[in-house]
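Following: one structure in structure tokens, then a few remarks.
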Number of protein chains: 2
Amino acid sequence: MATERGTADELARTLREAILRLNRRVRQTRAVGDLTFSQLSALTSLQLHGALTPRELADVERVQPPTMTKIVGKLEDRGLVARTPHPTDGRQVILAPTEQGRTMYAQFEQVRNEWLAEQLAALSPDERDVLARAAQIMQQVAQA
Amino acid sequence: MATERGTADELARTLREAILRLNRRVRQTRAVGDLTFSQLSALTSLQLHGALTPRELADVERVQPPTMTKIVGKLEDRGLVARTPHPTDGRQVILAPTEQGRTMYAQFEQVRNEWLAEQLAALSPDERDVLARAAQIMQQVAQA
DNA sequence: TCACGATTCTTAGCTTAGCTAATGAGCTTG
DNA sequence: CAAGCTCATTAGCTAAGCTAAGAATCGTGA
């Protein structure tokens with residue numbers, strides 16, 4: 001157990017380092033007028049789920065509701081997300097991507113991915129496999 | 001090759017998602033008065049390299065020099081990093097962790113890692129192995 | 001040698017992302 | 001129906017990142 005914990009500590013350090021650096025690096029590739037990392041992630045969640053309330057979206061994205069209010073506000077300003085009243089609960093709001101949001105999403109997503117996808121395409125299939133499995137595990141861990 | 005690019009695109013998406021979420025999650029664990037992610041990373045780099053100029057540190061951390069000026073400023077305010085003039089070049093500055101920085105580093109680092117290390121300790125050895133290899137690969141990619 | 005270009009660091013000013021605390025509107029329940 | 005809860009937003013803060021611009025210093029070529 002001591003050994004398990006020892007490797008876990010070491011791994012935690014290197015993993016933190018790696019995700020910080022990669023996060024920064026991917027962020028740098030953002031083109032002017034592009035969607036940011038967080039905005040794109042929120043839009044993606046909305047597309048995958050079809051529609052969500054701000055609270056639900058905040059939970060999915062693991063941020064606090066006020067943070068999501070801001071992010072959604074930016075998406076709304078661009079006409080990518082629409083806000084409609086909840087049919088039965090007057091407090092809540094339904095968020096959904098607009099048609100423009102859906103079509104723009106695909107483009108932006110592609111541009112956004114471009115740099116990273118290029119790097120990944122240059123790796124060996126084995127390495128990509130490792131990353132694919134790691135991504136799964138990291139998602140699980142982040143969910144905890 | 002089309003296939004390679006297809007999987008790379010897909011992987012880029014999931015990997016981006018995973019590192020964003022995990023990044024947020026780890027960030028949340030910051031205790032009051034603690035060092036932030038970026039501050040700790042900068043301090044770590046200084047410890048590993050012994051001493052660096054701001055420019056060098058910015059390059060290692062992959063941020064722009066003004067960003068590093070801020071981060072180092074915060075570390076300096078806490079007495080964790082000292083700034084000494086460069087012996088031969090009057091423009092440059094030498095940054096190095098203070099004694100206090102070195103000792104505090106170990107503590108903070110441990111606290112900082114705690115949550116993540118716990119999660120990782122709960123994984124199977126296989127899963128940890130995947131993450132360890134993935135961390136290596138991600139570092140390489142981030143360096144590119 | 002000295003003037004001009006390059007390099008280094010910092011300052012100023014901006015945006016985004018995150019947080020907590022507080023507010024107001026609308027549910028729900030005793 | 002009043003008291004308390006939940007939801008969304010607003011207000012206000014900090015940190016992290018960027019670019020542009022400035023001051024100091026270095027180095028080099030005429």
Side-chain angles (χ1 to χ4, degrees), chain A residues 16 19-43 51-78 81-95 112 142, chain B residues 19-43 51-78 81 83-95 112 142:
Chain A
R16 267 204 299 110
I19 62 177
L20 175 66
R21 299 281 165 82
L22 188 52
N23 219 19
R24 278 177 181 161
R25 192 65 183 77
V26 172
R27 227 179 258 274
Q28 282 174 7
T29 64
R30 173 161 55 114
V32 175
D34 212 348
L35 294 179
T36 67
F37 219 13
S38 303
Q39 289 166 19
L40 191 50
S41 183
L43 184 55
L52 292 172
T53 67
R55 156 73 61 181
E56 288 168 339
L57 184 53
D59 286 348
V60 169
E61 292 287 306
R62 284 212 157 255
V63 296
Q64 294 301 309
T67 300
M68 193 45 70
T69 295
K70 280 192 193 174
I71 294 175
V72 167
K74 304 225 169 69
L75 293 174
E76 215 186 351
D77 289 347
R78 291 167 165 244
V81 162
R83 197 185 298 254
T84 58
H86 191 285
T88 65
D89 191 333
R91 295 165 304 180
Q92 299 188 50
V93 174
I94 306 288
L95 302 173
R112 199 69 163 81
Chain B
I19 63 177
L20 175 65
R21 299 281 164 82
L22 189 52
N23 218 21
R24 278 178 181 160
R25 193 63 184 77
V26 172
R27 227 177 255 274
Q28 282 173 9
T29 65
R30 171 163 57 116
V32 176
D34 211 349
L35 294 179
T36 66
F37 218 13
S38 302
Q39 289 166 20
L40 191 50
S41 183
L43 184 55
L52 293 170
T53 66
R55 155 73 59 181
E56 288 167 339
L57 184 53
D59 285 346
V60 168
E61 293 286 307
R62 284 210 157 258
V63 296
Q64 294 302 309
T67 299
M68 194 44 71
T69 296
K70 280 193 193 175
I71 293 174
V72 168
K74 303 223 169 72
L75 292 173
E76 215 186 352
D77 289 345
R78 292 168 165 244
V81 161
R83 197 185 296 255
T84 59
H86 191 285
T88 64
D89 190 333
R91 294 166 303 180
Q92 297 187 52
V93 175
I94 305 288
L95 302 174
R112 200 66 162 81

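Just so we're on the same page: letters track the sequence lines, and every chain starts at 1. Computation of the quantities below employed the complete heavy-atom set of this structure, encompassing side-chain atoms and omitting hydrogens, waters and symmetry-equivalent molecules.
Looking at which nucleotide of DNA chain C each of Q64(A) and K74(A) is closest to, the 5′-most match is held by K74(A).
In this structure, R25(A) and A142(B) approach most closely via the heavy-atom pair CD-O, 3.3 Å. Contact detail for Q39(B) and L75(B): the closest heavy-atom pair is O-CD1, 3.8 Å. Heavy-atom minimum distance, L57(A) versus A42(A): CD1-O, 4.0 Å. I94(B) approaches T53(B) most closely through the heavy-atom pair CD1-CG2, 4.4 Å.
In this entry the distance linking CG of L43(B) with P of dA16(D) reads 13 Å, nearest Å. Remark: P of dA16(D) and CG of L20(A) are 10 Å apart, rounded to the nearest angstrom. The CG-C1' distance, from L75(B) to dA16(D), rounds to 13 Å in whole Å. When rounded to the nearest whole Å, the span between CG of D59(B) and C1' of dT8(C) equals 12 Å. Taking atom CZ of R78(A) as the reference point, atom P of dT15(C) lies 14 Å away to the nearest angstrom. Distance L22(B) CG to dG18(C) P: 14 Å, rounded to the nearest Å. Straight-line distance from the NE2 atom of H86(A) to the C1' atom of dA25(C): 15 Å, rounded to whole Å.
For the OP1/OP2 pair of dA16(D) and a distance below 4.0 Å, the side-chain nitrogens and oxygens of R24(A) include no atom meeting the criterion. Between S38(A) and the phosphate of dA17(C), there is a side-chain N or O to OP1/OP2 separation shorter than 4.0 Å. Here Q39(B) reaches the OP1 or OP2 of dA16(D): one of its side-chain N or O atoms lies under 4.0 Å away. When the side-chain nitrogen and oxygen atoms of T36(B) are compared with OP1 and OP2 of dA16(D), one or more of them lie within a distance under 4.0 Å.
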Worked check of side-chain contact (heavy atoms from CB on, under 4.5 Å) between T36(A) and K74(A): CA-CA 10 Å; T36(A) 67; K74(A) 304 225 169 69; over 6 Å; no

From CA spacing to verdict: side-chain contact (heavy atoms from CB on, under 4.5 Å), S38(B), E61(B): CA-CA 9 Å; S38(B) 302; E61(B) 293 286 307; over 6 Å; no

Working for side-chain contact (heavy atoms from CB on, under 4.5 Å), residues V93(A) and H86(A): CA-CA 5 Å; V93(A) 174; H86(A) 191 285; over 6 Å; no

Contact letters for nucleotides 4-11 of chain D, in which S counts primed atoms plus P, OP1 and OP2 and B counts the base, heavy atoms under 4.0 Å: --BSSBB-

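Within the nucleic acid shown, T88(A) comes within 4.0 Å of sugar-phosphate atoms alone, with no base atom in reach, counting heavy atoms only.
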